[in-house]
Amino acid sequence: MDFPNLPPALASALATRGYAALTPVQAEVTAEAAHGRDLLVSAQTGSGKTVAFGLAMAEQLLTDDGELPPAAAPLSLVIAPTRELALQVAKELMWLYAGARIATCVGGMDASRERRTLAQGAHIVVGTPGRLRDHAERGALKLAQIRAAVLDEADEMLDMGFRDDLEALLDQTPKERRTLLFSATLPRPIVALAKAYQRDALRISTVSEQRGHGDITYRAITVSPSEIEHAVINLLRFYEAETAMLFCATRDNVRHLHAGLVERGFAAVALSGEHSQNERNHALQALRDRRARVCVATDVAARGIDLPTLSLVIHVEMPRDAEVLQHRSGRTGRAGKKGTAVLIVPYPRRRRVEMMLRGARIATEWGDVPTAEAIRAKDRERLLERLLAPVEVEDEDKALAAELLAQRTPEEIAGAFVAAQRAALPAPEELADRSEMTERQQKGHRDGFDDVVWFHMNVGRRQNADPRWVLPLLCRRGHVTKAEIGAIRIGPSETQFQVPSALAGRFAAAVKASANADGEDESGIRIEPMPNGAAPIRSAAGGPPQRRHGAGASGGAPRGGPRGPRR
C-alpha cells in the first residue's frame with residue numbers, strides 16, 4: 001500500500017502491521033497542511049490516535065535520509081494520564097519506529113531503573129506527568145533537546161489535577177518545539193492550555209456530528225433507583241458479553257457493586273483509585289486471559305485500558321456529560337467490531353438524560369430491563385447453538401459417552417447436561433411486578449387501611465413518576481414493606497400515598513433519617529406528611545378527588561405542597 005506523505009520506514013512499518021489505509025485522524029495529521037505545525041486534535045476513542053501522533057512527529061525524529069539519529073537526549077516527549085495508557089503508547093511506538101530507543105517513566109515502576117535507561121539515551125520518552133516531573137527535577141530527564149511534545153488525553157490529565165505538572169514539564173522544553181495536543185473533549189481549561197503553549201495550532205476534529213460511534217448501539221433502560229443493581233445483573237445475563245465494563249462514579253460504588261456481582265457468581269474484577277498497581281495488573285491480566293469477564297471501574301481508573309474482546313459497556317451511573325458518555329462507550333465497538341452501550345437511567349432522571357442525549361445527537365433506543373423470562377429465552381437460544389455446533393470428539397470422550405448411554409437414556413443424559421449448564425449461570429433477578437403496583441395505584445381503598453395518614457412526595461407525572469419505582473423508593477426510605485403502603489395516587493407534580501396510622505410515626509422518622517439537611521434524598525426527592533395527615537386522593541387520570549372519611553379530611557387541594565425536585 002502506498003502512503004505518499006510518510007517516510008519509507010514508517011510506510012513499511014504500517015504495511016507490515018497490516019494497514020491498508022490510514023484512519024481519518026492519521027490522514028489529517030500527516031497531510032501537507034499539518035507539516036511542522038502545532039496540532040489541536042479531537043478524535044473518538046479507538047480512532048488510531050496513538051499511531052496518528054507517532055506519524056505526526058516523524059519529521060522531528062528522523063534525519064533527512066529517513067533514519068533515526070544516535071540515541072542521546074530525547075527528541076520527543078509523550079505525556080499520558082495513566083500508567084496503562086503510557087505503556088500502551090510506548091508499545092505502539094515501538095513497532096512504528098523499529099530500532100528507536102523508547103524510555104517509559106510511569107508510577108509503580110522502579111524509578112532507579114528508569115533513570116539508568118534515561119542516562120543511556122533515548123529518542124522518545126513516554127510517561128505520566130508526576131513521574132516525568134520527578135525525573136526532570138532530579139536532572140535525570142533532560143528536556144532541552146525536545147522537538148515535539150505530545151499531550152495524550154489532555155482533558156483527563158487536567159481532570160486528574162496534573163495541570164501544574166504539565167506546565168512544569170512544558171516550561172523546560174524549547175519554545176520552538178512542536179506541541180501536539182490530543183483531547184477527546186475541548187473544555188475551557190484545554191483551550192486555555194492550548195493558547196498558552198501552542199503557536200498558530202491547526203485544529204483537527206474527526207468527531208462526527210452524530211456523536212455516537214458508528215459501531216456502537218446505544219440503549220437506555222429506565223429503572224427504579226432501588227433496582228439498579230438488579231438491572232445490572234439482568235443486563236449482564238441477557239447479553240452474556242465476552243467482556244463487559246461497568247462504570248460507576250465513586251470507588252465506594254465500585255466496591256459495593258463488585259462485591260454484589262461476585263456474590264452472585266459473576267467472574268468480576270474491580271478497578272478504582274483504592275487499588276494498588278499490583279492489584280490493577282492482576283485484574284487486567286484476569287480480563288485478558290478470560291478468567292474474568294466483567295470489570296467494574298471508575299472513569300479515571302479505566303483510562304488507557306484496551307480490551308479487544310470488550311463488547312458491552314454499562315453506564316451504571318450516568319457520567320457528568322455526553323462527552324464522557326461517548327468516551328466511556330468508545331471502549332467498545334473498535335476495529336470494525338460491534339459494541340453495545342447501555343445507560344441505566346433512574347426514573348426521576350429520565351428527562352434530564354433525554355435532554356443530554358438529544359443535545360449530543362446520540363441516537364438511543366429506550367426500553368425496560370430484560371425480564372427473567374427474556375433472559376431464560378436467550379439462555380435457551382445460546383445453549384442450543386452451543387450444543388448443536390459441530391465438535392471433534394476424542395476417543396476417550398466417546399468411551400465415556402458409551403458408558404453413560406449404557407446406564408441412562410439419551411434424554412436423561414441430555415437433561416442432566418442441560419441442567420449442569422444452567423446451574424453454572426447466575427440467576428436473573430425478578431424485578432418489581434408492574435401490574436401489582438398499577439392495581440395499587442388505581443385502588444382507592446384496601447383492607448387494613450381504614451385508619452391512615454397521608455404523605456406526599458414532590459414528584460409527579462411531569463417528573464416521570466411511576467409506581468414501578470415509587471413503591472420501592474418508599475419502602476427503602478421508610479423502612480416498610482410493600483404491604484404497608486396503601487393507595488398511591490400520582491398527580492401532575494406530586495404523588496400522594498397512604499401509610500397506616502400505627503406506622504406513620506416510624507415511617508416519618510425513617511424518611512427523615514434518610515434525607516439531607518434540606519429534607520431531600522440524593523435525587524432531590526422530598527417526602528412529607530400531608531397537612532393534618534389527610535388529603536383528597538386525585539386519580540392518575542385527573543378525575544375527581546376521593547375523600548377519606550374521618551376527622552381532618554380536607555375538601556380542597558393540598559396546601560403547602562413541596563417544590564419540585566432539584567435539577
Side-chain angles (χ1 to χ4, degrees), residues 25 39-54 76-93 102-109 114 124-136 141 148-170 179-194 197 245 247-251 254 271-277 280-281 283-284 295 297-307 319-321 323-331:
V25 68
L39 303 178
L40 178 57
V41 184
S42 55
Q44 292 172 325
T45 300
S47 60
K49 59 184 176 63
T50 301
V51 173
F53 62 69
S76 291
L77 175 69
V78 182
I79 312 174
T82 65
R83 175 183 186 270
E84 285 78 18
L85 183 55
L87 295 178
Q88 180 183 324
V89 167
K91 187 177 179 180
E92 289 285 286
L93 295 179
I102 300 175
T104 56
C105 302
V106 297
M109 301 295 282
E114 291 176 348
I124 305 170
V125 173
V126 184
T128 50
R131 179 57 66 89
L132 289 170
R133 183 179 184 180
D134 181 62
H135 285 320
L141 174 59
V150 178
L151 277 62
D152 190 15
E153 302 206 4
D155 53 346
E156 288 300 320
M157 289 195 282
L158 293 189
D159 284 347
M160 294 165 70
F162 288 134
R163 185 184 187 98
D164 288 345
D165 295 327
L166 295 176
E167 292 179 345
L169 289 166
L170 292 175
T179 305
L180 313 180
L181 196 153
F182 284 70
S183 181
T185 62
L186 292 179
R188 288 182 181 177
I190 289 294
V191 175
L193 187 69
Y197 289 97
M245 182 165 283
F247 282 99
C248 296
T250 67
R251 62 180 65 181
V254 166
L271 292 175
S272 73
E274 71 179 5
H275 295 100
S276 68
Q277 192 59 55
R280 289 173 61 85
N281 292 344
L284 292 173
C295 178
T298 56
D299 289 316
V300 171
R303 303 304 297 187
I305 296 175
D306 185 17
L307 298 170
R320 64 179 183 272
D321 55 38
E323 299 283 4
V324 177
L325 171 69
Q326 181 190 358
H327 207 268
R328 285 178 174 183
S329 303
R331 303 204 168 279

Side chains of [X] and [Y], heavy atoms from C-beta outward: is any pair under 4.5 Å?
X      : Y      : answer
Leu151 : Leu170 : yes
Thr250 : Thr298 : no
Met245 : Arg328 : no
Thr50  : Glu92  : yes
Leu271 : Cys295 : yes
Leu77  : Val150 : no
Leu181 : Val41  : no
Val106 : Thr82  : no

Short side-chain to backbone donor-acceptor contact, [X] and [Y], under 3.5 Å:
X      : Y      : answer
His135 : Leu132 : no
Glu114 : Met109 : no
Thr179 : Tyr197 : yes

Worksheet item: After noting the C-alpha distance and the side-chain angles of Ser76 and Val125, does the key distance pass the side chain to side chain contact (heavy atoms under 4.5 Å, CB included) rule?
Response: CA-CA 6 Å; Ser76 291; Val125 173; over 6 Å; no
Measure the [atom1]-[atom2] distance between [X] and [Y] for me, rounded to the nearest 0.5 Å.
X      : Y      : atom1 : atom2 : result
Leu141 : Asp134 : CG    : CG    : 10.0 Å
Asp155 : Ile190 : CG    : CD1   : 5.5 Å
Gln88  : Leu93  : CD    : CG    : 10.5 Å

Taking all heavy atoms of [X] and all of [Y], pick out the closest pair and write down the distance.
X      : Y      : value
Pro129 : Leu169 : O-CD1, 3.9 Å
Arg131 : Gly107 : NH2-CA, 3.8 Å
Ala168 : Arg133 : CB-NE, 3.5 Å
Ala52  : Val25  : CB-CG1, 4.0 Å
Arg163 : Pro189 : NH1-O, 3.6 Å
Val89  : Phe53  : CG1-CZ, 3.8 Å

Worksheet entry | Charged N-O contact under 4.0 Å between Asp152 and Lys49 | yes
Discussion item. The test is side chain to side chain contact (heavy atoms under 4.5 Å, CB included); show your working for Asn281 and His275 and say whether it passes.
Written reply: CA-CA 10 Å; Asn281 292 344; His275 295 100; over 6 Å; no
